[in-house]
Amino acid sequence: MNLITNLKQSTAGCIHQLYGVQLQPEQVLVNATKPEFEGDYTIVLFAFVKQLGKSPEVLGNELGAAMLAKMPGILTDFNIVKGFLNFSISNQFWFDSIKNAKVENLLPTNTHPRKIMVEYSSPNTNKPLHLGHLRNNFLGWSIAEILKLQGNEVVKTCIVNDRGIHICKSMIAWQLFANGATPTDTQQKGDHFVGDYYVKYNDAYKAQVAELVASGMTQELAEKEAPIQKGAQEMLLKWEQGDAATIDLWKRMNSWVYEGFDTTYKKIGSDFVKTYYESNTYLLGKELVEQGLQKNVFYQKEDTSVWIDLTGDGLDEKIVRRKDGTSVYITQDIGLAEVKQKEFNTDASIYVVGDEQNYHFKVLKLICQKLQLPAADGIYHLSYGMVELPTGKMKSREGTVVDADDLVEEMINISKEKTESLGKVSEFTSDQLNELYNTIGLGALKFFLLRVDPKKKMIFNPEESIDFHGFTGPFIQYTHARIKSILRKTGTAVELTTCELLPLEKALAIELSNFPAVINEAAETLDPSKVAIYTFNLAKLFNSFYAELSIANSESEEKKQLRIKLAILTAATLQKGMRALGINVPEQM
RNA sequence: GGUUCGGUAGCUCAGCUGGAUAGAGCGUCAUCCUUCUAAGAUGAGGGUCAUUGGUUCGAAUCCAAUCCGAAUCACCA
């Protein structure tokens, strides 16, 4: 059991024994003691002072004495400063925690593993992936990994938005301007090729609107009447009617996009157990609308459209079926939730989707609950903020996007230059070098996007390249490589006897012991940044330790064995923490 | 206008279930490689925690109001 948990439970137990008052262990506040005070952990007494009718001084002394008796061999002493009860932990306890720790046993124990679906990535097939997609992909992959490390079974899925007016825009622009060209002809990645026609569509559209306005039409009307816009709408209609030529073109262009996406996904490490295509799912949910009508969850208006009234829940009315009988977005999602539940039978389903859809997911969960679908209560929206440029939002149409492939490549190039200038891997083969550049470049990028709270929007300045120093992926990768380098020299066979721990040795032991709790917290809050912060602090602490104390030339053999073990545990913890972020750590860099 | 989320150092962000003197990184300045990887370490400087009021032993943290910013409130997906 975790020491902090133990302290909380023991405190609650002692207070019950001493005063007959029942407390929940969670009500006990345990902090790491501030460095300027004597002790390792602090219990804040103020909370109980009033309830127990004792002065902090008296309560502290009585509780402190009882705690020492309750946790012999662990607690050695206590002192009271104002309302803070500071406990000192025995040297032996921390020494044993190092001695008994095993590399293969660093993760939390999970007595109730769950089966959880993580749906992420969700690209549109009319344009290539950009920086915002990268945040989504890294978050999705990371949260899936964190849940796995916590002991759960995870199913990663992807829903591809492969139909709709936006695809038709790329298609019609291709018909008009491409002269039958293909990505092979232009030697372009397929998703970029198709994306270029999406941009061309918008250029042509703007020109046509301007022309119509110049000839005397109002802006509003011109936007509706632009020929290319009408062409795209006709194409959508034809697609829905199953027109062979249209479907053919649609399949062809999508296949180019998928080829491009595959390359990118492979590069950045995204993978899925199952990919759903909206062209297959967009008609889902129809029977559920019928069921909902029968259950009186939904109601029909005079024009035969079907609605749900959520005003009682503080939301608005929402349409779930158009008067022409077709589904809307939310209906598809309800249907898909049902389909996924039947297919995988998961306990929970996490949707990694931008915060612009917060309202949508609130409504989705609520409707599913009202329909009493099995999937309903397990729906979680991992909502993340947009990635913005210093100049504001990214817009594909206006070309103000940071392209995912370009950025990844740039990061890899920077790591290559940096690595070459340091010249520490001269014996690497070219394959090994390329792998290292990928590891470091992607590590920097992933860490950069995962180190901040997902729900906050973040600013990315393309003028300043992503850092490789400080609170970054490469810093942690470097620390890992550094430890491995040391261990190659000292060996890893250890035999621990006993010795007094120095402050930095103890600090490392304490930090290492927190790892399982960090993974649990990250899993519960769906927040990989907790892991990023932890791995950074651990790496920083180790570097201080390294600068201060020699491992290979320790002052005694006992110390050397101890420090080698600390190094082994730190490297393994860093490796697992970074893995939780989807980042590999090199043996040498 | 309603709802939701945000505002902490020059910049990017932690801290937010109330606890001791508000923390990191970058940038700036200074110091440390004949000794285990300097992508590192050590130190200095930098703050009306948006504003005002409240709750209390104690507020960056909770509550209210105000100001600023964003998202959303589509028979688009």
Side-chain angles (χ1 to χ4, degrees), chain A residues 26-27 29 31 33-34 36-37 42 44-47 49-50 56 81-84 86 122 124 159 161 163-167 278 282 303 305-307 314-324 326-330 332-333 354-360 362-363 383 385-386 388 390 392-393 415 418-419 421-422 424-425 440 444 448 451-453 455-461 464 467-479 481-490 529-530 532-533 536-537 539-540 542-554 563-564 567 588-589:
Chain A
E26 301 82 59
Q27 289 173 265
L29 186 61
N31 292 332
T33 304
K34 303 270 175 192
E36 56 270 33
F37 300 100
T42 298
V44 183
L45 298 174
F46 294 108
V49 165
K50 194 174 276 182
V81 182
K82 293 194 271 179
F84 300 95
N86 303 321
S122 317
N124 290 353
I159 169 93
N161 185 3
R163 62 163 283 280
I165 190 73
H166 47 289
I167 319 292
E278 202 185 288
Y282 83 111
D303 68 357
S305 60
V306 179
W307 295 72
L315 304 175
D316 295 315
E317 294 189 339
K318 183 85 188 172
I319 190 163
V320 294
R321 190 172 76 192
R322 298 186 186 99
K323 65 183 173 192
D324 64 7
T326 55
S327 297
V328 294
Y329 175 43
I330 193 107
Q332 300 167 31
D333 260 7
D355 62 6
E356 57 204 354
Q357 296 202 39
N358 285 353
Y359 183 76
H360 171 78
K362 211 188 253 183
V363 171
S383 163
M386 297 291 107
E388 293 182 7
K393 287 187 80 169
S415 72
K418 184 86 186 168
T419 305
S421 75
L422 290 169
K424 294 182 184 176
V425 286
I440 298 171
F448 177 82
R451 69 181 191 178
V452 304
D453 186 338
K455 70 173 181 292
K456 291 195 176 180
K457 75 169 186 205
M458 61 189 297
I459 311 279
F460 173 79
N461 188 348
E464 302 166 12
D467 227 305
F468 282 62
H469 300 269
F471 185 23
T472 67
F475 169 86
I476 294 157
Q477 291 173 322
Y478 174 75
T479 306
R482 174 186 249 180
I483 295 171
K484 289 296 178 151
S485 166
I486 296 164
L487 292 177
R488 277 192 291 274
K489 291 181 175 148
T490 62
S529 75
K530 300 264 184 356
I533 292 166
F536 171 63
N537 285 331
K540 207 163 46 141
F542 183 86
N543 283 326
S544 299
F545 164 88
Y546 166 85
E548 186 89 6
L549 305 166
S550 178
I551 298 172
N553 301 312
S554 295
R563 289 176 191 165
I564 291 173
Q588 187 177 343
M589 71 184 266

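As a basis for the values below, the full set of heavy atoms in this structure was taken, side chains included, without hydrogen atoms, waters or symmetry mates. Order of the sequence lines fixes the chain letters, A, B, ..., with proteins taken first and strands second; residue numbering starts at 1 for each chain.
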Between G25(B) and G40(B), how far apart are the two P atoms, rounded to whole Å?
10 Å
Check: Is the phosphate of C75(B), meaning OP1 or OP2, less than 4.0 Å from a side-chain N or O of Lys323(A)?
Finding: no
Going 5' to 3' through nucleotides 29-40 of chain B and flagging B where a protein heavy-atom sits under 4.0 Å of the base, S where only the sugar-phosphate is that close, and - otherwise, we get -------BBSBS
Between CD of Glu278(A) and C1' of C76(B) the distance, given in whole Å, is 10 Å
Q.
Roughly how many Å apart are A20(B) and G58(B), using the C1' atom of each and rounding to a whole number?
A. 10 Å
When rounded to whole Å, the CG to P distance for the pair Leu45(A) and C57(B) reads 16 Å
Between CD1 of Ile330(A) and P of C73(B) the distance, given in whole Å, is 11 Å
Within the pair Arg322(A) and C76(B), is there a side-chain N or O less than 4.0 Å away from OP1 or OP2?
yes
Would Ser383(A) and Asn358(A) count as having a side-chain donor-acceptor pair, cut-off 3.5 Å?
yes
Gln27(A) atom CD is separated from G19(B) atom P, nearest whole Å, by 16 Å
Asp303(A) (side chain) and C75(B) (base): donor-acceptor pair under 3.5 Å: yes
Quiz prompt | Rounded C1' spacing from G7(B) to G15(B) in Å | solution = 15 Å
Would you indicate what Asp333(A) reaches in the nucleic acid, counting non-hydrogen atoms under 4.0 angstrom: base, sugar-phosphate, or nothing? nothing
Atom CD of Glu356(A) and atom P of U72(B) are separated, to the nearest Å, by 6 Å
P atoms of A74(B) and C62(B), separation to the nearest Å
31 Å
Whole-Å distance, Phe46(A) CZ to U17(B) C1', equals 18 Å
Which of G19(B), U72(B), U56(B) is nearest the side chain of Lys50(A)? It is U56(B)
Which of A24(B), A20(B), C75(B) is nearest the side chain of Thr33(A)? It is A20(B)
Report task. Have a look at Glu26(A) and say if it touches a base, only the backbone sugar-phosphate, or nothing, with a 4.0 Å heavy-atom cut-off. Result -> nothing
A correct 5'-to-3' footprint of nucleotides 1-16 of chain B, with B, S and - meaning base, sugar-phosphate only and no protein heavy atom under 4.0 Å, is -----SS----SSS--
Whole-Å distance, Glu317(A) CD to U72(B) C1', equals 18 Å
Reckon Lys393(A) touches a base, only the sugar-phosphate, or nothing at all at heavy-atom distances under 4.0 Å? sugar-phosphate
Gln332(A) CD to C76(B) P, in whole Å, measures 11 Å
